[in-house]
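Residue numbers begin at 1 in each chain, while the letters A, B, ... track the order of the sequences. What you see is a predicted model, and the numbers here were worked out from it, not measured in a lab.
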Number of protein chains: 2
Amino acid sequence: MVKMSDVAKRANVSTATVSRVLSKEGYVSEETRNKVLKAIDVLGYTPNRLASNFRKSSSHTVLAIIPDITNPFFSEVVKGLEKVAAERGYHVLLGDTGNSLNVERDLMELVREQLADGVILATARVTNEEIEKLGRELPLVVACEYFDGISIPTVSIDNVVAAREATQYLIDCGHRRIALISGRFNIVLNRDRIRGYRQALEYSGLPVQESLIQEGDWTMESGMNAMSRILAMDQLPTAVFAASDEMAVGALKSLKAKGLRVPNDMSVMGFDDISLSEMVEPELSTVRQPKRELGELAIRMLLNIVEGKKLERTQVILPHRLMIRGSTAPPSPPHGGGR
Amino acid sequence: MVKMSDVAKRANVSTATVSRVLSKEGYVSEETRNKVLKAIDVLGYTPNRLASNFRKSSSHTVLAIIPDITNPFFSEVVKGLEKVAAERGYHVLLGDTGNSLNVERDLMELVREQLADGVILATARVTNEEIEKLGRELPLVVACEYFDGISIPTVSIDNVVAAREATQYLIDCGHRRIALISGRFNIVLNRDRIRGYRQALEYSGLPVQESLIQEGDWTMESGMNAMSRILAMDQLPTAVFAASDEMAVGALKSLKAKGLRVPNDMSVMGFDDISLSEMVEPELSTVRQPKRELGELAIRMLLNIVEGKKLERTQVILPHRLMIRGSTAPPSPPHGGGR
DNA sequence: ATTCGTTGTGTAATCGATTACAGGGACAGT
DNA sequence: ACTGTCCCTGTAATCGATTACACAACGAAT
């Protein structure tokens, strides 16, 4: 490997000068610069970034910790991260935890080892306190998840409001019995969505029936199962709100299997607005999260921290949007009913 | 930051000894080892991987170059990569080219700069010759794409055979006019699929009608458009084979919009078997690619090259599988027809 | 003429871990 | 007693780029 000293020798200058040419810092005469550039070209020199990073003790790399890269929601977030990172000359190390807490903890070590300058945490199995602690020790931004009263920089949507609006929309359509297919009860983000659902019902004076809240785990299968449980009830709801699009699609499948039509017999509302939601039939009404922007903003904040700049705001809430498509409609009047 | 020399001082040994304890190489007495471990613990020492990587001139990192992380096919491949990399103590740098040839070239530089020990190339906009050249200069494995007669290690499926079998299946169902929604004509992988389609028709003595081959660009929209063009023809086919699942779903949508039923009025076959294919209605018959295995094997090969081991085989073809689901069936007899 | 700021370049220390090499002690075999 | 092998440990060079510091040349300002 040809190194900087080889270039220096060839150009009859010192390595300091070569370094100055490369970094564009400090004074170098036009003439010397050309000599150096020529030598670099002739020798085919490529700087050794390992040496440079070591000396500058910065890897110019950030670590993206996500639960599962095959989840379209997260892959969109990562896409946003990657784009901005590249623009600012940083690289992204992929940390797919496969939902494992231990892997998550291990990955954080990479920052301590200086392999990454900072971390985007898009999953949060660790506790509130642990995150606070980590955030004090290393540059860290939490994306997508939101923790109440946390002091760590965070970017997310307002899950409570989003879920409330989605539920409210169904109520406004005329639905009075609305089921909820929720994610895991122990996830904060999911609890926020449940909260929003409850709030909407309460504001409208509708009863919250606990049996209408069925737990899933974000997957399509769990959505199917949850829907089946709901369909086995005596008094059916006229609408279902699922806390993820995958689960909503599962609900769709379950409904079709039982011969029920959407939205005629049952309205279905999803959450996230992944591309899938426009591919199913009928197209899914859902809550759009600005996935890419979530990633972009998270990494912008992180890089600002890394580079020692001040953040204007540490808790950023991005706007969501209701996407009304074909899977929701007013409830059909009961057979032989109407007024 | 506490460094190795601090640990050495505290434990009353040399840095060489500390290094030996950490690397588990060379002789260290049990007693000394404990002293060192204790000092490490007391001081809260974390090795500086930047220094270590520099000295060993290895980053223990591989670069995954993919066209688009939000494409579910590639995110599965990456998942496989990541898993095996982690198992073997490597990290994965994400290189999302956004389909740009220049970005692809820039990314390769990272290996020259020693930021990555090797590259998995899961997209190939660069030419055959360029890849050959790169492959001679740095550890490189091509995943998913296949180049005829290339000397670079490659892992992929046999796209020709896979497409032939899919088409053959449709023929065996009784279809005689089969349309093809292809990807971009200039992509090798796609040309292989077209070739397989042609072969199947020819083997069965069926005519290849060029107008039945419509170009798309892998996206759902392009699939819809291609299907619309096909449906505007005088003599309709009874089946369509799309070179990607997204395009097949687009075809599905286009058919539904025109009021045609699948598979009764038209059979639809996809390619890839991404999770989407089980979420649409009817579920998509498709060709399964072993996505995760593709990634796993590619990185295994790469790491073997990086670590100087010999590869048993440099060109690996993984098995594909026809997944027959609800979107394909024998053609309906023509109205008033049948014998 | 002196001082000062700007420009241009070189010398050499430095970042922190790894490792080649040397050396010493213990022990076995002859 | 001598030689050879293990063990165990330390000294110091090394990886390649960056950068603090020194210095020199030049022109402008006083």
Chain B footprint on DNA chain C, 5' to 3' - any atom under 4.0 Å from a heavy atom =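 The footprint of chain B covers C:dG16 to C:dT19.
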Decide yes or no for [X] and [Y]: does some side-chain heavy atom of the first lie under 4.5 Å from some side-chain heavy atom of the second?
X: A:S151; Y: A:E132; value: yes
X: A:C144; Y: A:V77; value: yes
X: B:K310; Y: B:N304; value: no
X: A:V13; Y: A:V18; value: yes

Could you tell me which non-hydrogen atom of A:L302 sits nearest to which non-hydrogen atom of A:G118, and how far apart they are?
->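 Taking A:L302 first and A:G118 second, the nearest heavy atoms are CD2-C, 3.8 Å.
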Can you name the closest pair of heavy atoms from A:M301 and A:R313 and give their distance?
->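 Nearest pair, atom of A:M301 first, then A:R313: CE-O, 3.7 Å.
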Any pair with a residue in residues 72-101 of chain B that passes ring-ring contact (aromatic ring centres under 6.0 Å, His included), sequence neighbours left out, goes on the list, sorted by first then second residue, please.
->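 Applying ring-ring contact (aromatic ring centres under 6.0 Å, His included) to every pair that reaches into residues 72-101 of chain B, excluding sequence neighbours, yields B:H60-B:Y90.
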Roughly, in whole Å, what's the span from CZ in B:R20 to P in D:dT9?
->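 Result: 8 Å.
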Between [X] (side chain only) and [Y] (backbone N and O only), is there a donor and an acceptor less than 3.5 Å apart?
X: A:D117; Y: A:V62; value: no
X: B:Q315; Y: B:I152; value: yes
X: A:E104; Y: A:I65; value: no

Which residues within residues 35-61 of chain B lie with some heavy atom under 4.0 Å of an atom in DNA chain D?
->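 By residue number: B:F54, B:R55.
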Residues from residues 1-17 of chain A sitting under 4.0 Å of DNA chain D, heavy atoms only?
->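 Residues of residues 1-17 of chain A under 4.0 Å from DNA chain D: A:K3, A:M4, A:T15, A:A16.
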Is [X] salt-bridged to [Y], going by a charged N under 4.0 Å from an acidic O?
X: A:E296; Y: A:K83; value: yes
X: A:E82; Y: A:K79; value: no
X: B:K35; Y: B:E31; value: no
X: A:E109; Y: A:R112; value: yes
X: B:E76; Y: B:K291; value: no

Report which part of the nucleic acid B:S23 touches: base, sugar-phosphate, or nothing (heavy-atom distance under 4.0 Å, all strands).
->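 If one applies the 4.0 Å heavy-atom cut-off, B:S23 turns out to touch nothing in the nucleic acid.
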Please tabulate, one pair per line, each protein N/O and nucleotide N/O from nucleotides 24-27 of chain D that are separated by under 3.5 Å, including the distance.
none

Estimate the overall bend of the helix from C:dA1-D:dT30 to C:dT30-D:dA1 from the end axes over five pairs each, rounded to 10 degrees.
->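 That helix gives 50° between its end axes.
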